[in-house]
Amino acid sequence: MQVLGVNTIRVYNLDPNLNHDECASIFNAAGMYMLLDVNSPLVGESLTSFAPWESYYDTYLNRTFAIVEAFKNYPNTLAFFSGNEVISDIATGSTVPPYVRAVTRDLKNYIAKHCDRPIPVGYSAADVRKVLFDSWNYFQCAIDGSENDISKADIFALNSYSWCGDATFTSSGYDTLVEGFQESAVPIFYSEYGCNTPSPRLFTEVPAIYGSEMTAVFSGGVVYEYSQEENNYGLVTIHSNGSATLLNDFYTLRDQYYSLNFTTIQGIKPPTKKAPVAPVCSAKLITNKGFSTNFTLPVLPPGVKQIIANGVKPTPSGRLVDISDWKVKYTVTNPDGTTLSELAVKPLANDAVNEPGTNTVAGSPTGTGAAKPKPSKDAAGDMVAPRAIGIAALAAAVAFLGAGL
């Protein structure tokens, strides 16, 4: 991942009862932030889109809080997703939004009570244009016009596969996304992208995402996905014995990342005009008939007020640990079967993030995982972190987002 040039990973399925210290410490030292989903596909561990009121209860929320507890002490934990593609059409848009916003509220209340720093919470949306912009407006608006509304999302992301093959900024529909999100009061980025039709992929969207037509609105993105599965979106095949084979898509993506001027990208300043403020929640924000205009959120289920007040018991915990050996223990091969020799993580300085070219072949074999500083604040008080150059990983381990957060 470090050789690929990413500064972000996103992980969907986490177990808060497992210890993630070494994994998180390696990502931290390698200069990678972690964007984490609090939900999983298992029964009782996510909101159901067909009847969200039936899945919004104390044990479900207790698990989401446990994810926060397990990862809050890692300084490279950047944000949590309260939901992923729970809204996919008008039918789900009619009932789900208040519950996703309630989970966002509950997570932010728990973070405010039990974390020593703010950790943003947001939503990862399906790029279904019928409901995409209504979802964005629903989650970014402020109830009663209060900028301190704790149920308001801090970030909004979308899983988009509209750029396929050698498409263009306009043929892919990226232009309409930029236009639609122009006045966003929260950071916008791709939480998944990387259409695999045709295959092999070209990843020609990469220079567009980090180019002048998009960077004023979008804060980068996360490519789907790291490990090869049946759906054929992987960059790397992980074998049962722990060895790995890099696929051709890995090198195509790496070359696209390496073509970027990362210094220039990170130096892009926000627009000089005053940043948009969150609109007041109103039915006028919703453009599609049938999408929810109900901004009265569900009350806390019985027992949850006490969990927020007292904390999850038993309490998961995580901390950075020293890593004594940075060498990769497993065999990693190229698409042609040749082996990458002496592959190792290259530990970075405390204030450094990974970027293309940081580790071209192998890193230092010794060292310890230095703590990464918490995301800083800009003059307006908004959390700031590097623009996302990332990948999504489907593993019980531990992605990131962009400037303006």
Side-chain angles (χ1 to χ4, degrees), residues 11-18 20 24 34-40 42-48 51-75 77-84 86 95-124 138-144 146-156 186 278 281 294-319 374-375 383 398 405:
V11 181
Y12 306 80
N13 308 329
L14 290 160
D15 184 344
N17 299 311
L18 298 178
H20 302 273
M34 306 181 300
L35 183 62
L36 311 174
D37 289 66
V38 300
N39 301 290
S40 93
L42 299 179
V43 175
E45 297 188 357
S46 62
L47 285 177
T48 56
W53 54 89
E54 294 180 356
S55 54
Y56 180 70
Y57 51 85
D58 56 347
T59 54
Y60 160 65
L61 289 171
N62 187 82
R63 184 193 181 278
T64 70
F65 301 152
I67 294 290
V68 172
E69 286 286 359
F71 290 91
K72 70 179 185 181
N73 292 328
Y74 302 131
T77 294
L78 186 70
F80 297 106
F81 279 134
S82 57
N84 178 68
V86 197
T95 58
V96 169
Y99 289 90
V100 172
R101 186 153 178 155
V103 174
T104 301
R105 171 200 65 194
D106 302 341
L107 285 166
K108 291 174 72 172
N109 273 322
Y110 191 91
I111 290 168
K113 179 73 175 178
H114 297 282
C115 300
D116 64 359
R117 64 181 175 96
I119 303 177
V121 179
Y123 179 70
S124 176
Y138 189 97
F139 295 133
Q140 76 151 348
C141 71
I143 297 174
D144 297 330
S146 172
E147 280 296 315
N148 297 320
D149 177 9
I150 203 163
S151 71
K152 180 167 60 71
D154 299 309
I155 57 178
F156 186 85
V186 298
C281 293
N294 174 22
F295 295 98
T296 301
L297 305 186
V299 298
L300 284 175
V304 175
K305 184 177 180 180
Q306 289 72 26
I307 299 174
I308 293 177
N310 302 323
V312 173
K313 305 297 181 189
T315 308
S317 63
R319 64 184 181 88
K374 300 163 188 174
M383 300 302 292
V398 279
L405 174 62

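This one's a predicted model, so the numbers in the text were calculated from it and none came from an experiment.
Using a 4.5 Å cut-off on side-chain heavy atoms (C-beta onward), Ile111 and Arg117 make no contact. By the 4.5 Å heavy-atom criterion applied to side chains, Ile119 and Lys72 are counted as neighbours.
Applying the ring pair (Phe, Tyr, Trp, His ring centres under 6.0 Å) test to Tyr60 and every residue at least two apart in sequence or in another chain returns nothing. With sequence neighbours excluded, no residue forms a ring pair (Phe, Tyr, Trp, His ring centres under 6.0 Å) with Phe80. For Phe81, there are no ring pair (Phe, Tyr, Trp, His ring centres under 6.0 Å) partners at least two apart in sequence or on another chain.
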Checklist line | Val100 and Tyr138: CA distance, side-chain angles, deciding distance, side-chain contact (heavy atoms from CB on, under 4.5 Å) verdict | finding: CA-CA 10 Å; Val100 172; Tyr138 189 97; over 6 Å; no

Item checked: Audit row: Phe295, Ser151, side-chain contact (heavy atoms from CB on, under 4.5 Å) steps and yes/no -> CA-CA 10 Å; Phe295 295 98; Ser151 71; over 6 Å; no

Next item on the list: Assess whether side-chain contact (heavy atoms from CB on, under 4.5 Å) is satisfied between Thr77 and Leu36, documenting all intermediate values.
Entry: CA-CA 8 Å; Thr77 294; Leu36 311 174; 4.2 Å; yes

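For the pair Tyr57 and Gly44, the tightest heavy-atom approach, listed with the atom from each and the gap, is OH-CA, 3.4 Å. The heavy-atom pair separating Thr48 from Ser55 by the smallest distance is N-OG, 2.9 Å. Across every non-hydrogen atom of Pro16 and Ile67, the tightest pair is CD-CD1, 3.6 Å. Heavy-atom minimum distance, Ser124 versus Asn84: OG-OD1, 3.1 Å. Scanning all heavy atoms of the two residues, the minimum distance from Ala278 to Lys152 falls at CB-CD, 3.7 Å. Ala66 approaches Pro316 most closely through the heavy-atom pair O-CG, 3.8 Å.
Relative orientation of the Phe139 and Tyr123 rings is tilted, given thresholds of 30° and 60° on the angle between their planes.
Residue Leu14 holds its CG atom at 9.0 Å from OG of Ser40, rounded to the nearest 0.5 Å.
Side-chain atoms of Asn39 and Ser46 include no donor-acceptor pair closer than 3.5 Å. Side chain to side chain, Ser146 and Asn148 fail the donor-acceptor criterion of an N or O pair below 3.5 Å.
Each of Val103, Leu107, Thr64, Ile155 was compared with Val121 under the side-chain contact (heavy atoms from CB on, under 4.5 Å) criterion, and only Leu107 meets it.
A donor-acceptor pair under 3.5 Å is absent between the side-chain atoms of Gln140 and the main chain of Ala153, judged by distance alone. Side-chain atoms of His20 come within 3.5 Å of backbone N or O of Asp15 as a donor-acceptor pair. Between the Asp58 side chain and the Pro301 main chain, no donor and acceptor come within less than 3.5 Å of each other. Distance alone, capped at 3.5 Å, places no donor-acceptor pair between the Arg319 side chain and the Asn73 backbone.
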Run the side-chain donor-acceptor check on residues 302-314: report pairs under 3.5 Å with partners two or more places apart or on a different chain.
from, atom 1, to, atom 2, distance (Å)
Asn310, ND2, Gln306, O, 3.3

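Under the side-chain hydrogen bond (donor to acceptor under 3.5 Å, both in side chains) criterion, the residue pairs touching residues 103-113 are Tyr56-Arg105, Tyr56-Asp106, Glu69-Tyr110, Ser82-Thr104, Lys108-Asp154, with sequence neighbours excluded. Judged as a salt bridge (charged side-chain N to carboxylate O under 4.0 Å, His left out), the pairs with a partner in residues 59-68 (not counting sequence neighbours) are, in order, Glu45-Arg63.
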